[in-house]
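Everything on this sheet refers to the single structure shown next.
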Amino acid sequence: MPEFKSLNNRLKFEGKITSIYESDFLAPNGEQITREITRHPGAVCVVPIVGSEVVMIRQFRPAIGDHLLEIPAGKRDIDGEPPDVTAHRELQEEVGLSTNNMVELAQFYNSPGFCDEYSYCYLALDCEYVTDDRQGLEEEYMTIERISISDTLALMTSGEIVDAKTIIGLSLALQYLNER
């Protein structure tokens with residue numbers, strides 16, 4: 001496969017969560033291209049199952065100015081923390097659940113056209129309730145919703161669930177549960 005060669009990276013913005021670089025590349029045909037690239041620490045997302053329900057959150061997302069129905073998720077913002085440990089921490093923080101039965105469903109890039117965010121997706125089975133530890137204003141005001149596993153596909157196809165990580169996680173969880 002023809003290679004693109006990275007020439008340089010210029011930091012344009014450094015924020016609390018992401019940084020944006022203007023990066024130059026040399027294409028295989030010798031043409032130079034410039035792209036804006038967002039650097040992100042990565043994330044985890046978890047499909048928590050309690051009985052025959054998925055425990056989800058409805059949270060305000062400033063980027064779209066609306067609330068979304070999502071599975072619990074969070075940034076990999078503790079340096080060196082393994083993704084499964086982050087997943088356990090986020091599960092407790094956001095929805096007050098704990099499990100000893102966490103299954104990795106997938107790893108994926110969220111939006112590789114402009115961002116290097118890489119996510120780990122898990123299924124949490126045999127969950128037990130513990131004290132939650134919500135972080136930040138969005139989490140303080142989010143609601144926890146329990147959705148029947150059998151209703152999740154209809155919510156995805158109807159457009160009620162439009163968050164990509166949630167669609168990926170729920171779809172893979174349904175497949176995993178159907179194959180057991």
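Note that the structure is a prediction, hence the values are computed from the model and not measured. Every heavy atom of this structure was used, including side-chain atoms; hydrogens, water molecules and symmetry mates were not.
The shortest non-hydrogen separation linking Asn9 to Ser6 is ND2-OG, 4.2 Å. Contact detail for Ile149 and Leu174: the closest heavy-atom pair is CG2-CD2, 3.6 Å. Minimum interatomic distance between Ile71 and Val47 (heavy atoms only, all atoms of both residues): CD1-CG2, 3.9 Å. In this structure, Ala173 and Leu123 approach most closely via the heavy-atom pair CB-CD1, 3.9 Å. Nearest heavy-atom pair, Leu97 versus Pro48, reported as atom, atom and distance to 0.1 Å: CD1-CB, 3.7 Å. Of all heavy-atom pairs spanning Glu90 and Gly74, the tightest one is CD-CA, 3.5 Å.
Inter-residue side-chain proximity for Arg146 and Val54 is flagged as unmet; no heavy-atom pair is nearer than 4.5 Å. Contact check for Cys121 versus Phe108: side-chain heavy atoms found under the 4.5 Å cut-off. Residues Phe13 and Ser19 fail the side-chain proximity criterion, which asks for heavy atoms closer than 4.5 Å. Between Leu125 and Tyr176 the shortest side-chain heavy-atom distance falls below 4.5 Å. At a threshold of 4.5 Å between non-hydrogen side-chain atoms, the residues Leu170 and Ile161 count as touching. Contact of the Pro83 side chain with the Arg76 side chain is registered, since non-hydrogen atoms from C-beta on lie closer than 4.5 Å. Using a 4.5 Å heavy-atom threshold, the side chains of Met56 and Ile144 count as separate. Contact of the Val50 side chain with the Tyr129 side chain is registered, since non-hydrogen atoms from C-beta on lie closer than 4.5 Å.
Taking 4.0 Å as the cut-off between side-chain N and carboxylate O, Lys165 and Glu70 count as a salt-bridged pair. The residues Arg35 and Glu22 are annotated as not salt-bridged, no charged nitrogen and carboxylate oxygen being separated by less than 4.0 angstrom.
Of the possible donor and acceptor atoms, none in the side chain of Ser171 sits under 3.5 Å from a partner among the backbone N and O of Ile168. Glu31 places no side-chain N or O within 3.5 Å of a backbone atom of Leu26 that could act as its donor or acceptor partner. The closest donor-acceptor contact from the side chain of Ser111 to the backbone of Gly113 lies at 3.5 Å or more, if one exists at all. No donor-acceptor pair closer than 3.5 Å links the side chain of Thr152 to the backbone N or O of Ser148. Although no hydrogens or angles enter the test, the distance criterion places no donor-acceptor pair under 3.5 Å between the side chain of Gln59 and the main chain of Leu68.
Under the 4.5 Å side-chain contact rule for hydrophobic residues, Met156 and Val55 do not share a cluster. Under a hydrophobic-cluster definition in which Ile, Leu, Val, Met, Phe, Trp and Tyr are linked whenever side-chain heavy atoms come within less than 4.5 Å, directly or via other members, Leu91 and Val130 are assigned to different clusters. Cluster membership for Leu172 and Val103, using ILVMFWY side-chain heavy atoms within less than 4.5 angstrom, is shared. Ile78 and Val44 are assigned to two separate hydrophobic clusters, defined by single-linkage of ILVMFWY side chains at heavy-atom distances under 4.5 Å. In the hydrophobic clustering of ILVMFWY residues, with side-chain heavy atoms under 4.5 Å counting as a link, Leu153 and Leu155 come out together.
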Could you walk me through whether Tyr120 and Asp84 satisfy the side-chain contact (heavy atoms from CB on, under 4.5 Å) test, starting with their C-alpha distance in whole Å, then the side-chain angles of each, then the deciding distance to 0.1 Å, before giving a yes or no? CA-CA 8 Å; Tyr120 296 80; Asp84 63 314; over 6 Å; no

List the steps, then state whether side-chain contact (heavy atoms from CB on, under 4.5 Å) holds for Ile20 with Ile37. CA-CA 6 Å; Ile20 299 174; Ile37 299 174; over 6 Å; no

Assess the residue pair Ile147 and Glu53 against the criterion (side-chain contact (heavy atoms from CB on, under 4.5 Å)); give the C-alpha distance rounded to whole Å, side-chain angles, the decisive distance to 0.1 Å, and a yes or no. CA-CA 5 Å; Ile147 308 294; Glu53 296 177 322; over 6 Å; no

List the steps and the verdict of side-chain contact (heavy atoms from CB on, under 4.5 Å) for Ile57 and Glu94. CA-CA 8 Å; Ile57 60 172; Glu94 291 197 358; 3.3 Å; yes

For Thr34 and Asp24, what are the C-alpha separation, side-chain angles and deciding distance, and is it a side-chain hydrogen bond (donor to acceptor under 3.5 Å, both in side chains)? CA-CA 4 Å; Thr34 301; Asp24 296 320; 2.6 Å; yes

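Pairs of residues two or more places apart, or lying in two chains, that qualify as ring pair (Phe, Tyr, Trp, His ring centres under 6.0 Å) and include a residue from residues 63-95 are Phe60-His67.
Among residues two or more places apart in sequence or in another chain, the side-chain contact (heavy atoms from CB on, under 4.5 Å) test is passed with Glu117 by His40, Ala43, Asn110, Cys115, Ser119. Here Arg39 pairs with Asp116 under the salt bridge (Lys or Arg N to Asp or Glu O under 4.0 Å) rule; sequence neighbours left out. In this structure Thr38 satisfies the side chain to side chain donor-acceptor pair (under 3.5 Å) test with no other residue, sequence neighbours excluded. Under the salt bridge (Lys or Arg N to Asp or Glu O under 4.0 Å) criterion, Arg58 pairs with Glu145, Glu160, sequence neighbours left out. The salt bridge (Lys or Arg N to Asp or Glu O under 4.0 Å) test applied to Glu81 returns Arg89, not counting sequence neighbours.
Shown here is Gln32, whose CD atom has more than 12 heavy atoms of other residues, nucleotides or ligands within 6.0 Å. Within a 6.0 Å sphere centred on CG of Asp79, heavy atoms belonging to other residues, nucleotides or ligands number 12 at most. For Asn100, the CG atom counts as loosely surrounded, since its 6.0 Å shell holds 12 or fewer non-hydrogen atoms of other residues, nucleotides or ligands.
Between Tyr122 atom OH and Met102 atom CE the span is 7.5 Å, to the nearest 0.5 Å.
A ring-centre distance under 6.0 Å is found for Tyr118 and Tyr109.
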